[in-house]
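Quick note: numbers below take in every heavy atom, side chains included, and nothing from hydrogens, waters or symmetry partners. Below, chains carry the letters A, B, ... as their sequence lines are ordered, and counting in each starts from 1.
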There are 2 protein chains.
Amino acid sequence: MSPARHESAVRELRRHAPIFAALGDETRLKLVKRLSGGSRVSIARLTQGSTLTRQAITKHLRVLQDAGLVRGVRRGREYLFGLEAEPLDDARRILDDISRQWDVALARLKSFVEG
Amino acid sequence: MSPARHESAVRELRRHAPIFAALGDETRLKLVKRLSGGSRVSIARLTQGSTLTRQAITKHLRVLQDAGLVRGVRRGREYLFGLEAEPLDDARRILDDISRQWDVALARLKSFVEG
DNA sequence: CTAATATGCAACCAGGAGGTTGCATATGAC
DNA sequence: GTCATATGCAACCTCCTGGTTGCATATTAG
């Protein structure tokens with residue numbers, strides 16, 4: 001792996017850590033899951049059924065939006081939030097990379113032990 | 001989807017949010033990536049090359065360990081840390097589920113628009 | 001117009017996160 | 001045995017997070 005590639009990997013981690021951080025809260029994870037159904041939902045509706053305040057939900061949505069996981073559009077007096085797939089895919093790719101590297105390492109160890 | 005299945009999904013989110021939270025820090029993400037190479041590394045060696053203190057790294061490792069992402073074993077005066085694949089796979093599964101649900105929703109929308 | 005609804009903004013609060021320093025202790029090397 | 005190395009523990013600090021309440025504002029409904 002070239003030095004250039006290694007640097008880009010580090011930059012990649014820096015870019016992606018906030019995505020995981022945004023997902024690292026139960027409330028936000030629930031919101032993401034809810035929005036993965038495809039519909040755009042208002043803050044008021046997202047608050048319904050939660051024990052939290054509307055403002056708390058609003059803050060969580062802002063965190064998700066800052067991480068790019070969600071995007072809100074105004075419609076009349078409402079603000080509708082919908083999922084954004086791209087950062088989710090980025091996060092998946094990171095985890096896949098790590099798991100892949102891990103599997104390779106295990107395979108190498110196994111072949112070393114056996115051979 | 002039965003109520004029972006829905007409840008288990010909520011419990012699943014509660015269990016998995018801490019994994020994402022643990023990954024949601026650049027330093028910890030770097031540590032995980034480093035350990036995905038397969039070797040067990042001591043705290044001292046993990047600290048080398050970082051601008052942070054050994055104690056800071058130790059704290060991060062503890063967070064990762066609490067999330068189950070990493071496990072440490074004592075060897076002599078050292079404490080060697082290695083990756084644990086299972087929670088990583090759990091996190092991947094969650095992301096896959098969400099992406100899958102999202103794709104289904106998009107497909108449904110598309111077929112609706114197209115007729 | 002008036003009332004209800006949906007959101008925005010700001011202040012405030014408690015607790016946790018991330019980091020440091022200092023000192024103690026266990027283990028390995030010579 | 002002595003010294004260097006690797007780690008543990010505790011106190012402390014600052015800043016951010018997650019949450020609240022209160023009030024202001026915009027928009028839709030009747």
Side-chain angles (χ1 to χ4, degrees), chain A residues 10 13-35 39-83 87, chain B residues 10 13-35 39-83 87:
Chain A
V10 168
L13 292 191
R14 188 177 340 264
R15 217 182 66 228
H16 291 333
I19 300 177
F20 288 115
L23 294 173
D25 176 280
E26 195 194 326
T27 303
R28 289 197 291 267
L29 208 44
K30 273 191 215 161
L31 287 171
V32 166
K33 183 135 194 174
R34 162 105 182 249
L35 292 179
S39 40
R40 303 195 153 174
V41 189
S42 74
I43 299 175
R45 271 184 74 203
L46 285 172
T47 303
Q48 307 234 339
S50 168
T51 90
L52 298 183
T53 324
R54 170 181 59 89
Q55 287 86 343
I57 300 291
T58 301
K59 281 193 186 179
H60 282 302
L61 286 169
R62 186 175 307 274
V63 172
L64 288 171
Q65 188 163 32
D66 288 348
L69 282 161
V70 122
R71 219 180 99 224
V73 293
R74 186 106 246 159
R75 201 180 60 184
R77 66 180 158 185
E78 297 182 313
Y79 211 95
L80 303 181
F81 281 89
L83 200 66
Chain B
V10 169
L13 292 191
R14 189 180 336 266
R15 217 182 67 229
H16 292 334
I19 300 176
F20 288 115
L23 294 173
D25 176 280
E26 196 193 325
T27 303
R28 289 196 291 266
L29 207 45
K30 273 191 217 162
L31 287 172
V32 165
K33 183 133 194 174
R34 162 104 183 250
L35 292 179
S39 39
R40 303 196 153 174
V41 189
S42 74
I43 298 175
R45 270 185 73 202
L46 285 173
T47 303
Q48 307 236 340
S50 168
T51 90
L52 298 183
T53 324
R54 169 181 59 87
Q55 287 86 340
I57 299 292
T58 300
K59 281 194 186 179
H60 282 302
L61 287 169
R62 187 175 305 274
V63 171
L64 287 171
Q65 188 163 33
D66 288 348
L69 282 162
V70 122
R71 221 180 97 224
V73 294
R74 184 118 232 168
R75 201 179 61 184
R77 66 180 157 182
E78 297 182 314
Y79 210 95
L80 302 183
F81 281 89
L83 200 66

A:Ala56 side chain, from C-beta outward: closest of C:dG8, C:dG19, D:dG19: D:dG19
Shortest side-chain distance from B:Arg77, nucleotide among D:dA6, D:dC9, C:dG18: D:dA6
Polar pair under 3.5 Å, donor/acceptor by atom type, side chain A:Arg54, base C:dG8: yes
Salt-bridge present (A:Glu78, A:Arg74; N to O < 4.0 Å): no
Identified side-chain contact (heavy atoms from CB on, under 4.5 Å) partner of A:Leu31 from the options A:Asp25, A:Leu61, A:Leu83: A:Leu61
Toward the 5' end of DNA chain D, by each residue's nearest nucleotide, A:Arg74 or A:Asp25: A:Asp25
Nearest listed nucleotide, side chain of B:Thr53, among D:dG8, D:dG19, C:dT21: C:dT21
Axis bend over the full length of the helix from C:dC1-D:dG30 to C:dC30-D:dG1, computed from five pairs that close each end, to 10 degrees: 30°
Sugar-phosphate only, base, or nothing, as touched by B:Arg28 at under 4.0 Å among non-hydrogen atoms: sugar-phosphate
d(CD, B:Glu78; C1', C:dA26) in whole Å: 13 Å
Check: A:Gln55 side chain, D:dG18 base, donor-acceptor under 3.5 Å: no
Which nucleotide in C:dT21, D:dG19, C:dG8 has an atom nearest any side-chain atom of A:Leu52: D:dG19
Sugar-phosphate, base or nothing in reach of B:Ala44, heavy atoms under 4.0 Å: sugar-phosphate
